Amino acid sequence: MANHAGMPPAETAIHPATGPGMDPATKVLDLSSLGELDGLIKQLVDKRVVFIGESHDRYEDHLNQLEIIRGLHERGKPVAIGMEFFQQPFQDKLDAYIAGDLSEEALLRETEYFERWRFDYRLYRPILRYAREHGLPLIALNLPREITEKVGDGGIASLSPAEAAMIPSEIDREAPSYRAHLQRVFEMHPNGDDASFEHFLEVQLLWDEGMAERAVRWLQANPESQLIVLAGAGHVEYGRGIPSRVKRRLDVPMSIVMSGQQRPLDPEMADFLLYPQPVGLPKTGLMGVMLDTDSEGQGVAIQGFAQQSGARDAGVKEGDRIIEIGDTSIDSYADIRIALMDSRPGQQMPIAVLRDPLVGGAEQLSFDVTLK
């Protein structure tokens, strides 16, 4: 029988259920089931560990972390906060801060926050202030940077016996999905000719195993409390980083929460995905200087200027050493970050510098710098 014009032959007919327009992997989200944070918090109350993944530089992620911490705390259960961005040797500083024995500025200096983490502290400040106000323990989760940097260069085998004693004794290298994921990450970034994937893998393993081991030690010592772990999304998504390594050591109820922004809608990624609106921090004022933080001497030396520099416009010169910004004495890079933390572009800031003249001793000079 002749085919009607425009109709495909019978043997090539396209069936709606199997044709190219149907993707069996398509996910369907029932929008009627979308909830709010309060409903999420009710589902987290009975979890022993709650992992909240973050993009470090997104303020909205940290505000949601705070609201979850607040909601769980207000329901009466003892809550502690584990933090990737503080390293384990500084636990006593966090304890002193929560006890009221250490100021916020002293905490930042004594934990070497700006040297070891560097992200704008204002992103995390509301969480730390809430913890201090309510006496919630802060747990430093991360291994010392000195350890992970040495492993990045020479692998775990390069550690001295004293250094090796500081890392977890149990490290699971066998998860194929973990290795495959990190291989993709490694290949996406430019690396030097001598870069080693195995060393890169070992650093990631130390981060995840080290934070998991520290979390479990705290959970075992505080059996009635709930631990909320704040860490980068890459350490918690799909459960393959910190969560699986906590569970291997201590099988307790846990949940993973993270932002779904710019991520695939994958039910394996987390238990709950959040979709917050972007929230930006006000811009901080800048002096427009490049600093030499390694040179010796009082204050911090200026080794150059940005293209737009309020400091240069005010009369500051290369080689000057900043010794004061506003009311803050300057002895380190951290002091400069602290002094300018809540400043704004266009604000005038008095600074004092030491300048070495051609003859004679250093002289102290003062300038009013318009921040950019």
Side-chain angles (χ1 to χ4, degrees), residues 29 34-41 44 49-73 79 81-87 104 107-108 111 113-131 136 138-142 145 181-182 184-185 188-189 204 207-208 211 227-243 255-286 337-338 340-345:
L29 175 64
L34 291 181
E36 297 181 347
L37 275 180
D38 189 62
L40 166 63
I41 291 165
L44 298 177
V49 190
V50 178
F51 300 94
I52 313 179
E54 66 181 51
S55 293
H56 299 313
D57 60 353
R58 298 188 73 91
Y59 193 35
E60 61 268 25
D61 285 7
H62 304 299
L63 294 178
N64 278 332
Q65 288 172 333
L66 174 59
E67 287 310 304
I68 293 171
I69 291 166
R70 189 198 313 274
L72 291 171
H73 169 64
V79 168
I81 307 168
M83 296 180 157
E84 175 192 0
F85 34 93
F86 288 108
Q87 296 173 10
E104 188 171 69
L107 172 73
L108 295 174
T111 60
Y113 175 88
F114 293 109
E115 291 80 6
R116 292 173 180 269
W117 191 245
R118 291 186 175 265
F119 285 96
D120 191 334
Y121 173 70
R122 295 177 301 159
L123 295 163
Y124 301 96
R125 183 164 61 182
I127 297 173
L128 270 78
R129 288 186 174 179
Y130 182 85
L136 307 185
L138 298 175
I139 314 303
L141 293 180
N142 221 335
R145 184 183 65 186
H181 166 69
L182 291 177
R184 290 192 296 271
V185 172
M188 286 170 56
H189 294 83
Q204 304 298 317
W207 276 331
D208 288 334
M211 287 190 277
L227 181 62
I228 302 171
V229 173
L230 311 183
H235 291 292
V236 305
E237 61 185 3
Y238 296 97
R240 61 191 164 206
I242 308 171
S255 279
I256 300 171
V257 182
M258 53 186 287
S259 173
Q261 299 283 16
Q262 300 178 331
R263 292 188 173 89
L265 186 59
D266 186 343
E268 299 298 319
M269 180 177 292
D271 298 298
F272 303 95
L273 294 176
L274 307 179
Y275 292 89
Q277 294 297 312
V279 181
L281 284 168
K283 288 187 177 180
T284 298
L286 301 173
R337 292 287 298 269
I338 290 168
L340 296 175
M341 186 181 300
D342 291 307
S343 65
R344 297 290 178 266

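Keep in mind that this is a model prediction, so the values were computed, not measured.
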A.B. asks: Hey, what do you get for CG (N64) to CD1 (I69), rounding to the nearest 0.5 Å?
C.D. replies: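 It is 11.0 Å, given to the nearest 0.5 Å.
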
A.B. asks: Closest heavy-atom contact between S55 and R263?
C.D. replies: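 Heavy-atom minimum between the residues: OG-NH2, 3.8 Å.
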
A.B. asks: For P264 and Y238, work out which heavy atoms get closest and say how close.
C.D. replies: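 Between these two residues, the closest heavy atoms are CG-OH, 4.4 Å.
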
A.B. asks: Main chain of M269, side chain of E237: is a donor-acceptor contact present, judged purely on distance under 3.5 Å?
C.D. replies: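 The answer is no, because no donor-acceptor pair under 3.5 Å joins these two groups.
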
A.B. asks: Going by heavy atoms in the side chains, are E84 and N142 under 4.5 Å from each other?
C.D. replies: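 Result yes, sub-4.5 Å side-chain heavy-atom pair found.
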
A.B. asks: Counting N and O atoms only, with roles assigned by atom type, does the side chain of S343 sit under 3.5 Å from a partner on the main chain of G285, one being a donor and the other an acceptor?
C.D. replies: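 Checked: pair present.
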
A.B. asks: Would I52 and L274 satisfy side chain to side chain contact (heavy atoms under 4.5 Å, CB included), going step by step from the backbone distance to the final call?
C.D. replies: CA-CA 10 Å; I52 313 179; L274 307 179; 5.5 Å; no

A.B. asks: Side chains of residues 120-127: which donor-acceptor partners sit under 3.5 Å, not counting sequence neighbours?
C.D. replies:
residue, atom, partner, partner atom, Å
D120, OD1, R122, N, 2.9
D120, OD1, R122, NE, 3.2
D120, OD2, R122, NE, 3.1
D120, OD2, R122, NH2, 2.8
Y121, OH, E104, OE2, 2.9
R122, NH1, P282, O, 2.8
R122, NH2, P282, O, 2.9
R122, NH2, T284, OG1, 3.0
Y124, OH, E54, OE2, 2.8
Y124, OH, W117, NE1, 3.4
R125, NH1, D342, OD2, 3.1
R125, NH2, D342, OD1, 3.0

A.B. asks: Taking the side chain as everything from C-beta on, heavy atoms only, tell me whether R116 gets closer than 4.5 Å to T111.
C.D. replies: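 Heavy-atom side-chain distance check fails, nothing below 4.5 Å.
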
A.B. asks: Using a 4.5 Å cut-off on heavy atoms from C-beta on, say whether the side chain of L141 contacts that of I242.
C.D. replies: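 Side-chain contact under 4.5 Å: no.
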
A.B. asks: Decide yes or no on side chain to side chain contact (heavy atoms under 4.5 Å, CB included) for Q65 and H62, but give the supporting numbers first.
C.D. replies: CA-CA 5 Å; Q65 288 172 333; H62 304 299; 3.0 Å; yes

A.B. asks: Supply the atom-to-atom distance H73 NE2 to L66 CG, rounded to the nearest 0.5 angstrom.
C.D. replies: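 It comes to 11.0 Å.
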
A.B. asks: Which heavy atom in A270 sits nearest to a heavy atom in M258, and how many Å separate them?
C.D. replies: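 It is CB-CG, 3.7 Å.
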
A.B. asks: Compare every heavy atom of S255 with every heavy atom of F272, then report the nearest pair and how far apart it is.
C.D. replies: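 In this case the closest contact between F272 and S255 is CE1-OG, 4.1 Å.
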
A.B. asks: Which distance, rounded to the nearest 0.5 Å, do you find between the CG of L108 and the CD1 of I338?
C.D. replies: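 Spacing of CG (L108) from CD1 (I338) equals 5.0 Å.
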
A.B. asks: Answer yes or no: is there a side-chain heavy-atom contact under 4.5 Å between L136 and I228?
C.D. replies: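 Not touching, per the 4.5 Å side-chain cut-off.
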
A.B. asks: Do I41 and L72 come close enough that some side-chain heavy atom pair is under 4.5 Å?
C.D. replies: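 Contact flag for I41/L72 side chains = yes.
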
A.B. asks: Going by heavy atoms in the side chains, are P243 and I256 under 4.5 Å from each other?
C.D. replies: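 Yes. Closest side-chain heavy atoms under 4.5 Å.
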
A.B. asks: What are the two closest heavy atoms between S259 and L273, and how far apart are they?
C.D. replies: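 It is O-CD2, 4.2 Å.
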
A.B. asks: Please check: side-chain N/O of Y113 versus main-chain N/O of F119, any donor-acceptor pairing under 3.5 Å?
C.D. replies: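 Judged by distance alone, yes, a pair lies under 3.5 Å.
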
A.B. asks: Using the six-membered ring wherever Trp is involved, compare the ring planes of W207 and H235 and label them parallel, tilted or perpendicular (cut-offs 30° and 60°).
C.D. replies: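 Geometry flag for H235 against W207: perpendicular rings.
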
A.B. asks: Within the structure provided, determine whether Y130 and I81 are in side-chain contact (heavy-atom separation under 4.5 Å).
C.D. replies: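 The answer is no; the side chains never approach within 4.5 Å.
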
A.B. asks: For V185 and Q204: C-alpha separation, side-chain torsions, deciding distance, then whether side chain to side chain contact (heavy atoms under 4.5 Å, CB included) applies.
C.D. replies: CA-CA 11 Å; V185 172; Q204 304 298 317; over 6 Å; no

A.B. asks: If you define the side chain from C-beta out and look only at heavy atoms, does anything of V257 sit under 4.5 Å from L44?
C.D. replies: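 In short, these two side chains touch, coming nearer than 4.5 Å.
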
